[in-house]
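Please read all numbers here as calculations on a predicted model, not as lab measurements.
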Amino acid sequence: MGSTTEHDDYALSRVPQDERYHWFSIAVQRFGMLSSLASFLIGATLGFGMSFWNAVLAITLGAVILEILTIFTGIAGQREGLSTSVLARWTGFGRAGSSVIGLAISVSAIGWFGIQNAVSAQGLTNLVGVLPLWAWALVFGLAVTAIVVFGFEKMAWTAYVTVPAFLLLAGWSIVSELSRHDFGDLLAAAPAGPQLSLIQGTSIVAGGFIVGAVITPDMSRFNRTPGDVVKQTVVGISIGEYVIGLIGVLLALALRTNDVIAIVTSTSGFLGTLVIIAATLKINDWNLYAASLGIVNFLDQAFGWRVHRAAVTLIVGIAGSIAGAAGILNSFTDFLILLGVIFPPIAGIMVAEYFLVRTWRGELDGSRAVDGLPATAPTWVPTSLVIWIAASVIGHYVTWGIPSINSVIAALVLYGIAAKLGLVRGLGVSRTDPVDPTPTVPASA
């Protein structure tokens, strides 16, 4: 495998076929994103408000929803070899609209990077001490940044190490706790907390990873075939949701509480520290990676600045680490939750345009044959922006069903109707500058 243009990872161009990876390598990373402390918390939330078998049904429905959306967005990313924000130029949003999407992805990802970093720093402070919380936040954030600077290949190797380590170390604490309880009793136990409906439970599962489904092209552009996307999605999401989610359910039923993260990390000293490090490394590297890709596209499209992904990663990683250390990002939580409703319609519009409406599909197909990009892109697609806002409002305010899925379906249906009425048209045309395969900004910048 090559250097992917000195760690730039084809941030603004197609990933060539000879730089693609075996599907299992990407599946491990996908599973790593789902086998996190946050996934245990989602499972525990279900177990605190639902019986075991109702929780199984909620996880099944949520996983199927995620898999369908992820497969469609993932196949589009795999076929075109493009990141989410670049692909959006020809899948309903245009050049200017894609820059807005890139910025939104970056804000969300940087926020989650800071929050995950703060959680890890708090755990390390409690278990190890030595350094104050702000210092641990800086140390850990900079360590993740160093990995992401080197790109997809180093992130894959990080997943190979941290995913098994997390499962083994966290599994030790979990097995120790669950061995004290009768398994049959847990399956029949009534939940300890306020009851959750099936719709609420499914919404929790689907909503917990919906942003990850939307930005799947960032990962799937390194896949070799559409079949690889399907395999990695089914394996990564199914195992992640069932293994981690159901363990969280069982722990909540056993302990009669939804505070199971304390149990997962309860092993004191060195082992507990490794659990936290492994849990955070394998998801926070993707937060930072998505942020860097989004910013590279935003700066290119909004200002014409062609910057190197590795340099952006370094700057954003340092800034995010400092912000996390200062505790600034704690106040962004409500905003990040709101983004969880805003993001899904992006996927609905992109899927509708790429697979059904196909207004700009011919341009993508033609340029793919020569491993380049279409010569032009629409500057704006006003109808898509209106649909994006409308679908987000529907997701936020309609109380029936699953908010994130409501917004996806609303966007898909509204875009299809708009296309039938002849309303899907570009406003202005922007030329696509060819991407120099040799980055103008050195990776060490």
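With contacts defined as side-chain heavy-atom distances shorter than 4.5 Å, the pair Asn284/Phe113 qualifies. Here the side chains of Ile210 and Leu69 are in contact, with some heavy-atom distance below 4.5 Å. Within the 4.5 Å cutoff, no side-chain heavy atoms of Ile42 are placed close to those of Phe209. Looking only at side-chain heavy atoms (C-beta outward), Met50 and Gln200 stay at 4.5 Å or farther from each other. Taking the side chain as every heavy atom from C-beta outward, Thr216 and Arg30 approach each other to under 4.5 Å. Met350 is not listed as a side-chain neighbour of Phe72, based on a closest heavy-atom distance of 4.5 Å or more. Between Pro344 and Ile405 there is no side-chain heavy-atom pair separated by less than 4.5 Å. At a threshold of 4.5 Å between non-hydrogen side-chain atoms, the residues Trp90 and Tyr354 do not count as touching.
For the atom pair CD1 (Ile65) and OG1 (Thr70), the distance works out to 11.0 Å, reported to the nearest 0.5 Å. Arg224 contributes atom CZ, which lies 10.0 Å from atom CG of Asp18 (distance to the nearest 0.5 angstrom). Atoms CZ and CD, on Arg358 and Glu353 in that order, are 9.5 Å from each other to the nearest 0.5 Å. Rounding to the nearest 0.5 Å gives a distance of 11.5 Å between CD of Glu363 and CG of Leu373. How far OG of Ser384 is from CD1 of Ile346: 11.0 Å, rounded to the nearest 0.5 Å. With values rounded to the nearest 0.5 angstrom, Leu412 atom CG is found 6.0 Å from Leu356 atom CG.
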Exercise for review: Apply side-chain contact (heavy atoms from CB on, under 4.5 Å) to Val205 and Leu61, showing your working.
Suggested key: CA-CA 8 Å; Val205 174; Leu61 292 175; over 6 Å; no
**Study point:** Test side-chain contact (heavy atoms from CB on, under 4.5 Å) applied to Asn297 and Leu293, step by step
**Key:** CA-CA 6 Å; Asn297 182 67; Leu293 291 176; over 6 Å; no
Review point. After noting the C-alpha distance and the side-chain angles of Tyr415 and Thr383, does the key distance pass the side chain to side chain donor-acceptor pair (under 3.5 Å) rule?
Key: CA-CA 8 Å; Tyr415 192 89; Thr383 300; over 6 Å; no
Point to revise | Chi angles and distances behind the side-chain contact (heavy atoms from CB on, under 4.5 Å) call for Leu138, Ser321 | key: CA-CA 5 Å; Leu138 284 177; Ser321 300; 4.2 Å; yes
Exercise for review: Apply side-chain contact (heavy atoms from CB on, under 4.5 Å) to the pair Arg79 and Asp365, showing each step before the final yes or no.
Suggested key: CA-CA 9 Å; Arg79 282 175 57 87; Asp365 290 344; 3.9 Å; yes
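Between the side chain of Arg306 and the backbone N or O of Val296, no donor-acceptor pair lies under 3.5 Å. Proximity of a side-chain donor or acceptor of Ser203 to a complementary backbone N or O of Ile199 within less than 3.5 Å is not detected. In this structure, the side chain of Ser106 engages the main chain of Gly102 through a donor-acceptor pair within 3.5 Å. Panel note: side chain Ser238, backbone Val235; no donor-acceptor pair is recorded below 3.5 Å. Although no hydrogens or angles enter the test, the distance criterion places no donor-acceptor pair under 3.5 Å between the side chain of Trp388 and the main chain of Ala411. Within the 3.5 Å criterion, the main-chain N or O of Gly97 finds no donor-acceptor partner in the side chain of Arg89. Looking only at distances, no side-chain donor or acceptor of Thr313 sits under 3.5 Å from a matching main-chain atom of Ser292. Proximity of a side-chain donor or acceptor of Asp285 to a complementary backbone N or O of Val148 within less than 3.5 Å is not detected.
In the displayed structure, Phe355 atom CZ is contacted under 6.0 Å by more than 12 heavy atoms of other residues, nucleotides or ligands.
Between Glu80 and Arg14 a salt bridge is recorded (basic side-chain N to carboxylate O distance below 4.0 Å).
Pairing each heavy atom of Thr202 with each of Gly62, the nearest pair is CG2-N, 3.7 Å. The nearest pair of heavy atoms linking Ser430 to Thr379 is OG-OG1, 2.7 Å. Shortest non-hydrogen contact noted between Ser407 and Ser404 is OG-O, 2.7 Å. The minimum heavy-atom distance between Ser83 and Asp218, with the atom names listed, is CB-OD1, 3.3 Å. The minimum heavy-atom distance linking Thr145 with Ile318 is given by the pair OG1-N, 4.3 Å. A pairwise comparison of heavy atoms in Ala290 and Ile215 identifies CB-CD1, 3.9 Å as the closest pair.
Side chain to side chain, Ser99 and Arg95 fail the donor-acceptor criterion of an N or O pair below 3.5 Å. Side-chain atoms of Gln232 and Asn223 include a donor-acceptor pair closer than 3.5 Å. Checked by atom type, the side-chain pair Trp286/Gln29 shows a donor-acceptor distance below 3.5 Å. Side-chain contact, Ser25 with Tyr160: a donor N or O sits under 3.5 Å from an acceptor N or O.
Aromatic ring orientation, Phe222 versus Phe152: parallel (interplanar angle below 30°, classes split at 30° and 60°).
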